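All values reported here derive from a predicted model rather than from experimental measurement. Ligands are counted one by one from 1 in listed order, and the atoms in each one are counted from 1 as well.
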Amino acid sequence: MPDFRDPDLASAVADVIETGTGLDEKAVLAILRLPDDEIPAALDAAHQVRMKWCGPEVEVEGIVSLKTGGCPEDCHFCSQSGLFTSPVRAVWLDIPALVEAAKQTAATGATEFCIVAAVRGPDARLMSQMRDGVKAIKEAVDIQVAASLGMLSQEQVDELVEMGVHRYNHNLETAQSFFPNVVTTHTWEERFETLRMVRESGMEVCCGGILGLGETIEQRAEFAMQLAELDPHEVPLNFLNPRPGTPLADNTVVDPRDALRAIAAFRLTLPRTILRFAGGREITLGDLGTRDGLLGGINAVIVGNYLTTLGRPATADIDLLAELKMPVKALSATL
Ligand code: SF4
């Protein structure tokens, strides 16, 4: 039985380990409010759930930005919005550079390569670049191609499937009730509609968000439940790295103990999902955080650089996985 003073919580968590069915909202909230001395028990339970329902493999992914900066949307946490004074200029990558990035990603042992663009949704130019880029990557590199291009129409969903894009990332970012506080140029429901179409198309759904936007603990639990309802294949969990020039520049970084509570809570809510450490882990948890996360329910990492900030060197993460005896998920296992 997990080692919590609250017997109801201990029994709810034991059920998750046993059955692979996620916690309800009340129990998620209890995890997010655990006293400091019970955080190790939560991480230990989350680790057991991950090992039992996902296994020891870790999915390693690389991301590349096809179009950086100059986005017309106003997501208050994002330095790629063209509406703020954040120092990220609009830059496009060409196809040879895209293929080179895919090669470098594959060389780290990664099986996933996600092409990202800072846009509200793709226009004809971006879709045509994607068509050329995905074809060139598939000819040159043995890696799965994912995409993150904002909100899609049904035609665009169909086109991406036809190109061979196997997974689509579109984050709900935060709880539905909090979303209007941080984005005013589109709605949470619009994002959800894209996710619905992606799911129905057969592409894998990758959907997560950012903690530390100013949401309450209750809204963190609400968000975990909303993700559980969507049941994505993968959930990238970001912690806000407040960027200069954005409206959230002065937000405080998530307390490392709250970040660990959240990692455990999201794993216990989403027992079978690929839970990925994405941006902000270094600033929130420091170098040790990667180890704590991987022993607390995380089973995917991004190697190398994030979209607008520098990450740890890829070799540091790969070495850590070897030390923890967690094999990098093989490409064939994801097909
Ligand atoms: S989060 Fe995406 S949609 Fe929002 S401003 Fe940044 S790039 Fe644009």
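A side-chain contact (heavy atoms from CB on, under 4.5 Å) with Leu240 is found for one member of Leu211, Val253, Thr246, Leu248 and no other, namely Leu248.
For atom 8 (Fe) of ligand 1, the closest non-hydrogen atom of the protein is Cys71 SG, 2.3 Å. Looking only at heavy atoms of the protein, atom 6 (Fe) of ligand 1 is closest to Cys78 SG, 2.3 Å. Among protein heavy atoms, the minimum distance from atom 4 (Fe) of ligand 1 is reached at Cys75 SG, 2.2 Å.
Near Ala118, meaning under 4.0 Å from any of its heavy atoms, are these atoms of ligand 1: 7 (S).
A side-chain donor-acceptor contact under 3.5 Å links Arg50 to the backbone of Ile298.
Distance check on atom 1 (S) of ligand 1: some protein heavy atom falls below the 4.0 Å cut-off.
Atom CG of Asp37 has more than 12 neighbouring heavy atoms from other residues, nucleotides or ligands inside a 6.0 Å radius.
Salt bridge absent: Lys135 and Asp132 never bring a charged side-chain N and a carboxylate O closer than 4.0 Å. A salt bridge does not link Lys26 with Glu218: every distance from a Lys NZ or Arg NE/NH1/NH2 to an Asp or Glu carboxylate oxygen is 4.0 Å or more.
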